[in-house]
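These notes concern the structure reproduced below.
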Amino acid sequence: MDKDYIADLRKAGKIHQEVKALAKSIVKKGVPLLEIADKVDAKIKELGATTAFPINLSINEVAAHYTPTYNDETLAHGLLKVDIGICVNGAIADCAFSVDLDNSDINKKLIQASRDGLEAAMRSAKFGMTLGEVGRNIQNAIVKHGFSPIKNLCGHQVDRFIVHAGQTVPNYDNGSNQRMVESGYAIEPFVTTGQGMVYEGKPSNIYRMINKKNVRDMLAREIISFIDKEYNGLPFASRWVVKKFGPRAIMSINILEREGVLYQYPQLVEKSREPVAQSENTLLILKDKTEVLTEDFKV
């Protein structure tokens, strides 16, 4: 890991702390998800960073991968997961928190369990630690509450312009003997009262360009050029393209998806459709220490 990358990663973490503070102050029951997303996007820009991916605002049984459309009317409610990615020169800080907007005891307990799982991981994640052991510590913290970790969602390394890079960090003991290396890691326990598995659900409004090629539609060609220049291969929201080109861009986005130029992430839904809580921080693992970048947490 070079010094410039480490500095950028730390800066992304600091900016994330400010953005997360804003997000926590504006997330309230009945507030439009689009309003939350727009304010968070504006704050990231104000602080001199860019988005690593569109803010995920996933409700109840949707564990991840929902972001508002340009004309979205969904209001914040239920058990809301707020997942934000910050990018500084390609270095990515990825962090999430959950909010109970229904004054539900079970939601509060799920949030606490996810937080306990995250804290267990932050205390144990260090250079040379096996990924299976980190997963076991997360799992043990969660099952003490009587809940289940989601086994087919996991944390991950981060790299320049790559959100999910290299190693994955399980939320349970998967027996992995692979050891943590010097790197940034986003660790994100997901907790549920359900079966602990997710399936691919409805479209998410989150896209990534996977195959740059020529297409017939003129606007679609302009959109390809815009995406290539603006997002450096990172995920983006359909509403950002609409903001640039107007609502007619939706038809061109659909064309690009059908042509295999764009991939749209599906929403990830808990298999038994039970509520899900998520907590996440980005850590910097060095040979001699571990730093929590997206929160003032001492390990």
Side-chain angles (χ1 to χ4, degrees), residues 23 27 29 31-34 36-37 52-69 71-85 94-102 104 106-115 117-118 135 138-139 142-143 145-156 163-164 168-172 174 186-208 210 235-239 253-254 257 262-280:
V27 171
K29 187 171 185 176
V31 175
L33 296 187
L34 183 57
I36 296 169
F53 53 83
I55 184 174
N56 284 212
L57 296 168
S58 308
I59 297 172
N60 291 337
E61 72 274 12
V62 180
H65 292 177
Y66 181 80
T67 202
T69 60
N71 58 352
D72 206 302
E73 296 182 352
T74 308
L75 304 180
H77 66 278
L79 180 47
L80 177 65
K81 280 74 66 184
V82 181
D83 193 345
I84 302 168
D94 183 0
C95 177
F97 62 93
S98 299
V99 184
D100 167 38
L101 298 175
D102 280 352
S104 160
I106 195 67
N107 286 352
K108 291 180 175 65
K109 290 176 181 177
L110 283 166
I111 292 169
Q112 186 60 56
S114 70
R115 178 66 200 181
L118 178 59
I138 293 172
Q139 183 176 23
I142 290 169
V143 299
H145 292 269
F147 302 132
S148 300
I150 293 185
K151 292 186 175 181
N152 59 340
L153 289 177
C154 56
H156 48 91
V163 180
H164 287 251
T168 59
V169 183
N171 289 321
Y172 70 105
N174 67 351
I187 298 181
E188 49 183 329
F190 290 85
V191 180
T192 182
T193 52
Q195 295 181 34
M197 298 290 287
V198 293
Y199 66 89
E200 295 185 349
K202 296 178 181 179
S204 66
N205 311 307
I206 301 170
Y207 295 82
R208 184 167 61 86
I210 57 172
F236 63 92
S238 59
R239 67 177 180 275
I253 289 173
N254 291 338
E257 188 176 3
L262 299 182
Y263 169 74
Q264 182 174 190
Y265 293 83
Q267 295 179 45
L268 300 177
V269 185
E270 205 283 320
K271 191 172 182 180
S272 46
R273 301 187 70 83
E274 288 292 307
V276 177
Q278 174 196 17
S279 295
E280 179 181 22

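Residues: numbered from 1 along the sequence shown.
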Which heavy atom of [X] sits nearest to which heavy atom of [Y], and what is that distance?
X	Y	answer
P170	C154	CA-CB, 4.2 Å
V276	A63	CG1-CB, 3.9 Å
P189	L118	CG-N, 3.5 Å
A277	L79	N-CD2, 4.0 Å
K151	M197	CB-SD, 4.0 Å

(Q) I need the full list of side-chain hydrogen bond (donor to acceptor under 3.5 Å, both in side chains) pairs touching residues 73-85, with sequence neighbours left out, sorted by first then second residue. (A)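 Sorted pair list: D72-T74, D83-Q278.
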Are the side chains of [X] and [Y] in touch, meaning some heavy atoms are under 4.5 Å apart?
X	Y	result
Y66	I59	no
T67	L57	no
N205	R239	no
L262	F236	yes
L75	P32	yes

Q) Is the backbone N or O of E270 less than 3.5 Å from a side-chain atom of Q195, with the two atoms forming a donor-acceptor pair by type? A)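 Between the backbone of E270 and the side chain of Q195 there is no qualifying donor-acceptor contact (under 3.5 Å).
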Q. Distance-only, no hydrogens or angles: does the N56 side chain make a donor-acceptor pair with backbone N or O of P54 under 3.5 Å?
A.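 Side chain of N56 to backbone of P54: a pair is present.
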Atom pair [atom1]/[atom2] of [X] and [Y] - distance to nearest 0.5 Å:
X	Y	atom1	atom2	value
S98	E280	OG	CD	10.5 Å
N171	I187	CG	CD1	9.0 Å
L153	Y172	CG	OH	11.0 Å
K109	S104	NZ	OG	9.0 Å
E257	I210	CD	CD1	9.0 Å
I150	K271	CD1	NZ	12.5 Å

(Q) Determine whether T192 and E274 satisfy the following criterion, side chain to side chain donor-acceptor pair (under 3.5 Å), listing intermediate values before the conclusion. (A) CA-CA 7 Å; T192 182; E274 288 292 307; 6.0 Å; no
Q: Name all residues meeting the salt bridge (Lys or Arg N to Asp or Glu O under 4.0 Å) criterion together with R273; count only those two or more places apart in sequence or in a different chain, and write none if there are none.
A: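 Only E61 meet the salt bridge (Lys or Arg N to Asp or Glu O under 4.0 Å) criterion with R273.
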Q: Could you tell me which residues satisfy salt bridge (Lys or Arg N to Asp or Glu O under 4.0 Å) with K202, sequence neighbours excluded, listed by chain and number?
A: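 With neighbours one apart ignored, the set is empty.
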(Q) Here's a test for you: under side chain to side chain contact (heavy atoms under 4.5 Å, CB included), which of D100, V191, I142 qualifies with L110? (A)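 So, applying the side chain to side chain contact (heavy atoms under 4.5 Å, CB included) to L110 and each of D100, V191, I142, only V191 qualifies.
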Q | The single option from Y265, Y207, Y263 passing side chain to side chain contact (heavy atoms under 4.5 Å, CB included) against P235 | A |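 For P235, the side chain to side chain contact (heavy atoms under 4.5 Å, CB included) check succeeds only for Y265.
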Q. Please walk me through it: do Q264 and S204 pass side chain to side chain contact (heavy atoms under 4.5 Å, CB included)?
A. CA-CA 7 Å; Q264 182 174 190; S204 66; 4.2 Å; yes
Q. Under 6.0 Å from the NZ atom of K108, do we count more than 12 heavy atoms belonging to anything else shown?
A.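 Atom NZ in K108 is packed in, count exceeds 12.
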